[in-house]
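Each remark here refers to the structure printed beneath this line.
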Amino acid sequence: MYAERMGKLPPYLFARIDELKARKIREGVDVIDLGVGDPDLATPPHIVEELCRAARDPANHHYPSYAGMPGFREAVAQWYHRRFGVELDPGAEVLALMGSKDGIAHIPEAFVDPGSYVLVPSPGYPVYRTSTLFAEGRVYEMPLRAEDNFIPVLEEIPRDVAKAARIMFLNYPNNPTAAVTLPGFFESAVEFARDYDIIIVHDNAYSEISYDGYRAPSFLQTDGAKEVAIEMHSLSKTYNMTGWRIGMAVGNRDIIAGLGRVKTNVDSGVFDAVQRAAISALLGPSDCVEQACRVYQERRDTLVKGLRRLGFTVDSPRATFYVWMPVEDCMAFATRMLDEAGIVVTPGIGFGSGGDGYVRFALTRSVERINEALSRMEDVGV
Ligand SMILES: *Cc1c(COP(=O)(O)O)cnc(C)c1O
């Protein structure tokens, strides 16, 4: 009944974990879900207020423009300038997205021919792989290893693969490893992209979630980046707006135009009222973002300290709201955690073969719940 390409899709592990979790809840278990990459914190009130106001205005009730309203694209350009010192032409170098997943899911349609390669980090956000498969491209996994600080070793990519590659996905701060980029890496990636005529799509969903004074860069701050790259950012993680579906692609105008052309044929833009609320987020006060980072940081410290006390070896992340921990067998560990302690963690293998041997904890639950999880782990001796 289904098309052949459906058979190539990996099983969506996260849907399966949801099923197992639902079963536990039906059995009466008080499940602590440290699996979800969705902030538990509310969207800041001034953004919600602006949505309500804009939703009441009939001017916002029509089809939106495809690329995003001029005011939104202007606000994105201003935010990029203020935050990263990156200059963008709002008319040609900014595109509104229904979340960055929208951009990631559609970019291969514009640039990948059947059989050409897409370079995908492993472990990585699963949509890099599935969007490649929908475009009938071939996935080349770039392993992210602890000994390389979870940064791909570009020299390892075979020449014939590099020559046949159209897109490289990168993502720093990284989900799921919580790694940050290192000085010089973005420069090498630009050079590699130039040498092999590859488009770089940098996913910067976590640029604003960082700790201990670390500030994540934009890929577009790199010399020459705008010749080869676009960057996706989203309001989802920055302003606790995962449910609102708004983000942006910025950078090289030809790449932006290609993505825009695909999307013109797929969706009809982001609800104008949501774009107006997003403008108030981008141009409004940023103390709400700092506040959220303080909340995650306290949770991080609680979890990392607790895990180390239980005998685990684990790094304390400088960015993202994830903790990436090595374990012997990730599926066995995650299964035991759910069965014996009622705790959901994500097995690393769900992010690709490079994630094997790790589990991911999300810091999207309160300090109280994290402490409860730690004491259950101690009780059952996982
Ligand atoms: C959450 C996430 C996204 C998707 O976010 P949107 O809600 O679609 O903007 C994209 N990339 C990574 C790495 C993520 O963790």
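Each ligand, and each atom within it, is numbered from 1 in the order the structure gives.
Less than 4.0 angstrom separates some heavy atom of Asn175 from each of these atoms of ligand 1: 13 (C), 14 (C), 15 (O).
Contacts of Asn171 with ligand 1, taken as heavy-atom pairs under 4.0 Å, involve the side chain alone. Contacts of Ser236 with ligand 1, taken as heavy-atom pairs under 4.0 Å, involve the side chain alone.
Residue Arg245 has at least one nitrogen or oxygen atom sitting less than 3.5 Å from a nitrogen or oxygen atom of ligand 1, judged on distance alone. Close N/O approach between Lys237 and ligand 1 is found [any backbone or side-chain N/O within under 3.5 Å]. The N/O atoms of Asp203, backbone and side chain alike, include one that comes under 3.5 Å of an N/O atom in ligand 1. The distance criterion of under 3.5 Å between nitrogen or oxygen atoms is met by Ser234 with respect to ligand 1. Inclusion of Tyr206 in the set of residues having an N or O under 3.5 Å from an N or O of ligand 1 is warranted.
Nearest non-hydrogen protein atom to atom 5 (O) of ligand 1 is Ser100 OG, 3.4 Å.
For the side chain to side chain donor-acceptor pair (under 3.5 Å) condition, the pairs that include at least one residue of residues 344-362, sequence neighbours left out, are Glu141-Ser353, Asn175-Arg360. Every pair tested for salt bridge (charged side-chain N to carboxylate O under 4.0 Å, His left out) that includes a residue from residues 231-245 fails, sequence neighbours excluded, so the list is empty.
Classification of Glu156 and Arg145 as a salt-bridged pair holds, one side-chain N sitting under 4.0 Å from a carboxylate O. Under 4.0 Å is where a charged nitrogen must lie from a carboxylate oxygen, and between Arg294 and Glu298 no such pair does. With respect to the salt-bridge test (charged N to carboxylate O, under 4.0 angstrom), the residues Asp267 and Lys263 qualify.
Ligand 1 is never approached by Thr242 to a heavy-atom distance shorter than 4.0 Å.
Judged by distance alone, the side chains of Tyr128 and Asp203 do bring a donor and an acceptor atom under 3.5 Å apart.
Ring geometry for Phe333 versus Phe312: interplanar angle over 60°, hence perpendicular rather than tilted (30 to 60°).
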